[in-house]
Amino acid sequence: MIDETEYKIKVKVSDTEEKYSTEYYEAITTDRAPLLKDKIIGTYGKDATLLHHDASLTNGAGDNSYRYAGANPNNYVCFGSDEEICPSANLYRIIGVINDKVKLIKVTNATSEELGMEANRSNNLFYWSGSLNNMSNAWADSIINVQGLNGGYLTSIGNEWATKIATATWYVGGVSWANGMESVPKITYDYEVGANKTNTTYESKIGLMYINEYYFAATPTYWTYPGYNSDATKDYRAAKDSNWLYTGNSDWTISRRSDKDGRALGVSVYGYISNGDVNTARSIRPAFSLNANIKVIKGIGTETNPYRLS
């Protein structure tokens with residue numbers, strides 16, 4: 001049941017002698033609204049799907065982030081729309097609070113209209129490089145990045161909402177087959193964005209999910225599994241029903257193969273991490289971090305009542 005007082009404050013009115021007293025709830029104004037990141041972190045310990053990746057979390061990232069894990073957490077946000085019922089195209093989900101900022105990923109695949117570029121095949125599938133003739137696996141050379149995500153998509157969001165998105169440093173050096181596909185989440189994290197990362201960066205607002213974010217979205221039981229193993233019962237195929245980031249689509253990640261030119265890594269339709277040529281067509285799900293000052297004015301994070309932002 002929705003708590004109607006959650007985004008209201010209690011007001012008490014009394015006369016000077018307190019012979020008369022009444023209490024009522026008043027809607028929170030923008031200046032009184034909590035920061036979204038504080039709202040999320042404030043649910044830690046109350047929401048079993050929100051995990052604190054501190055040094056004590058077994059097999060976690062160890063970066064002091066807060067991340068949602070499991071089959072279907074209440075981590076929905078309506079972004080880019082003020083309509084009473086949030087359009088499906090404007091539904092995003094919270095990956096977590098990472099580097100002190102709330103990171104979102106689009107629920108549905110980006111369309112050619114949103115990206116401002118033609119799909120490479122039907123059903124809005126796109127090349128990682130953005131072109132059949134572009135075999136570079138450098139993110140800075142990817143047309144889907146420059147023309148699509150940080151071009152047409154950013155424009156389609158609209159300036160009012162685009163200003164709510166933080167310019168982020170994306171680590172785009174990639175990972176090897178061994179450290180990305182055949183490793184457990186913590187190792188992939190270290191080689192993508194952690195202590196062992198390749199210091200190749202790209203500054204922009206919009207990107208894609210990292211492989212480690214997909215891994216850590218699964219129930220912690222699977223954090224000892226590699227992304228791919230020849231035995232399907234011992235890799236992330238076994239975790240797909242316990243991982244909210246798995247959609248049944250073949251999704252690109254932002255991570256390229258650092259040990260093989262022309263290849264990038266993605267989530268397969270079966271749930272494991274796979275690699276393919278950068279001119280292979282897959283789904284695109286934009287991801288980005290919000291500015292730290294973004295507030296939440298209503299909503300409880302469910303799909304039908306997502307967080308609403310100010």
Side-chain angles (χ1 to χ4, degrees), residues 33-44 50-53 60-69 73 75-81 90-108 110 114-115 139-140 142 144-146 148-151 153-173 188-189 192-194 197 199-217 244-245 251-255 284-297 299 301 306-310:
L35 294 175
L36 177 60
K37 64 178 180 178
D38 291 343
K39 175 67 178 176
I40 294 167
I41 292 173
T43 66
Y44 176 65
L50 182 67
L51 303 179
H52 187 195
H53 284 250
D63 61 353
N64 215 33
S65 63
Y66 293 81
R67 301 171 187 239
Y68 286 98
N75 59 347
Y76 287 87
V77 169
C78 188
F79 188 88
S81 174
N90 295 101
L91 273 177
Y92 291 75
R93 301 188 79 168
I94 301 167
I95 294 174
V97 180
I98 302 170
N99 296 325
D100 205 36
K101 292 183 174 66
V102 178
K103 189 169 187 179
L104 306 182
I105 186 169
K106 198 174 190 295
V107 172
T108 56
E114 290 170 327
L115 290 167
W139 185 245
S142 173
I144 194 65
N145 162 33
V146 179
L149 293 171
N150 288 290
Y153 192 78
L154 192 58
T155 300
S156 72
I157 288 174
N159 186 64
E160 177 185 354
W161 290 91
T163 58
K164 299 181 189 297
I165 301 174
T167 298
T169 299
W170 300 84
Y171 291 98
V172 292
T188 297
Y189 171 88
E192 272 192 306
V193 299
K197 66 182 178 294
N199 199 27
T200 302
T201 62
Y202 189 86
E203 300 286 323
S204 67
K205 289 199 170 191
I206 314 291
L208 302 173
M209 66 177 162
Y210 290 106
I211 299 170
N212 77 83
E213 291 170 339
Y214 174 75
Y215 285 161
F216 286 130
W244 67 268
L245 269 174
D251 292 333
W252 281 120
T253 70
I254 201 170
S255 293
I284 297 292
R285 295 174 65 199
F288 52 83
S289 297
L290 299 174
N291 290 319
N293 63 352
I294 299 302
K295 296 181 178 182
V296 54
I297 53 175
Y307 292 125
R308 298 299 186 116
L309 309 180
S310 171

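This one's a predicted model, so the numbers in the text were calculated from it and none came from an experiment. Hydrogens, waters and symmetry mates play no part in the numbers below; they use all other heavy atoms, side chains included.
For Glu203, the side chain to side chain donor-acceptor pair (under 3.5 Å) test picks out Thr169, with sequence neighbours left out. For Arg308, there are no salt bridge (charged side-chain N to carboxylate O under 4.0 Å, His left out) partners, not counting sequence neighbours. With sequence neighbours excluded, the residues forming a side chain to side chain donor-acceptor pair (under 3.5 Å) with Trp170 are Ser204, listed by chain and number. Taking Leu51 as the reference, His53, Leu57, Ala69, Pro220, Trp223 meet the side-chain contact (heavy atoms from CB on, under 4.5 Å) condition, with sequence neighbours excluded. By the side chain to side chain donor-acceptor pair (under 3.5 Å) test, Asn212 is found to be paired with Arg67, Glu192, residues two or more places apart in sequence or in another chain being considered. Under the side chain to side chain donor-acceptor pair (under 3.5 Å) criterion, Tyr153 pairs with Tyr92, sequence neighbours left out. A search for ring pair (Phe, Tyr, Trp, His ring centres under 6.0 Å) contacts involving Tyr76 returns nothing, not counting sequence neighbours. Taking Asn293 as the reference, Asn291 meet the side-chain contact (heavy atoms from CB on, under 4.5 Å) condition, with sequence neighbours excluded. With sequence neighbours excluded, the residues that form a salt bridge (charged side-chain N to carboxylate O under 4.0 Å, His left out) with Asp100 are Lys37. In this structure Tyr171 satisfies the ring pair (Phe, Tyr, Trp, His ring centres under 6.0 Å) test with no other residue, sequence neighbours excluded. Judged as a side-chain contact (heavy atoms from CB on, under 4.5 Å), and not counting sequence neighbours, the contacts of Lys205 are Asn150, Leu154, Ile165, Thr167.
Closest heavy-atom contact between Ser289 and Lys101: CB-CB, 4.2 Å. Between Ala292 and Leu35 the shortest heavy-atom distance is O-CD2, 3.7 Å. The nearest pair of heavy atoms linking Leu149 to Gly207 is CD1-O, 3.9 Å. Taking each heavy atom of Lys103 and Ala287 in turn, the nearest pair found is CE-CB, 4.4 Å.
Within the model, atoms CG of Leu104 and CE of Met209 stand 14.0 Å from one another, a figure rounded to the nearest 0.5 Å. Atom OG1 of Thr188 is separated from atom CD1 of Ile211 by 6.0 Å, given to the nearest 0.5 angstrom. Rounded to the nearest 0.5 angstrom, Asn99 CG and Asn64 CG are separated by 10.5 Å. Here CG of Leu36 is found 6.5 Å from CG of Leu290. Values are rounded to the nearest 0.5 Å. The distance from atom OH of Tyr210 to atom CD1 of Ile254, rounded to the nearest 0.5 Å, is 5.5 Å.
A heavy-atom distance below 4.5 Å is found between the side chains of Tyr307 and Ile94. Side chains of Leu91 and Pro306 form a contact here, defined as non-hydrogen atoms less than 4.5 Å apart. Side-chain contact between Trp244 and Asn75: present, with at least one pair of heavy atoms (C-beta onward) separated by less than 4.5 Å. Residues Val102 and Ile294 form no side-chain contact, since every pair of their non-hydrogen atoms from C-beta on lies 4.5 Å or further apart.
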Which is it for Thr253 and Leu208 under the side-chain contact (heavy atoms from CB on, under 4.5 Å) test, yes or no, and what are the steps along the way?
-> CA-CA 5 Å; Thr253 70; Leu208 302 173; 5.5 Å; no
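Under the side-chain contact (heavy atoms from CB on, under 4.5 Å) rule, Tyr68 has a single partner from Ile95, Leu245, Ile40, Val97, which is Ile40.
Side-chain N or O atoms of Asp63 include one that pairs as donor or acceptor with a backbone N or O of Ser65 at under 3.5 Å. No donor-acceptor distance shorter than 3.5 angstrom exists from the side chain of Trp139 to the backbone of Tyr202, with no hydrogens or angles considered.
The aromatic rings of Phe79 and Phe288 sit tilted relative to each other, their planes meeting at an angle between 30° and 60°.
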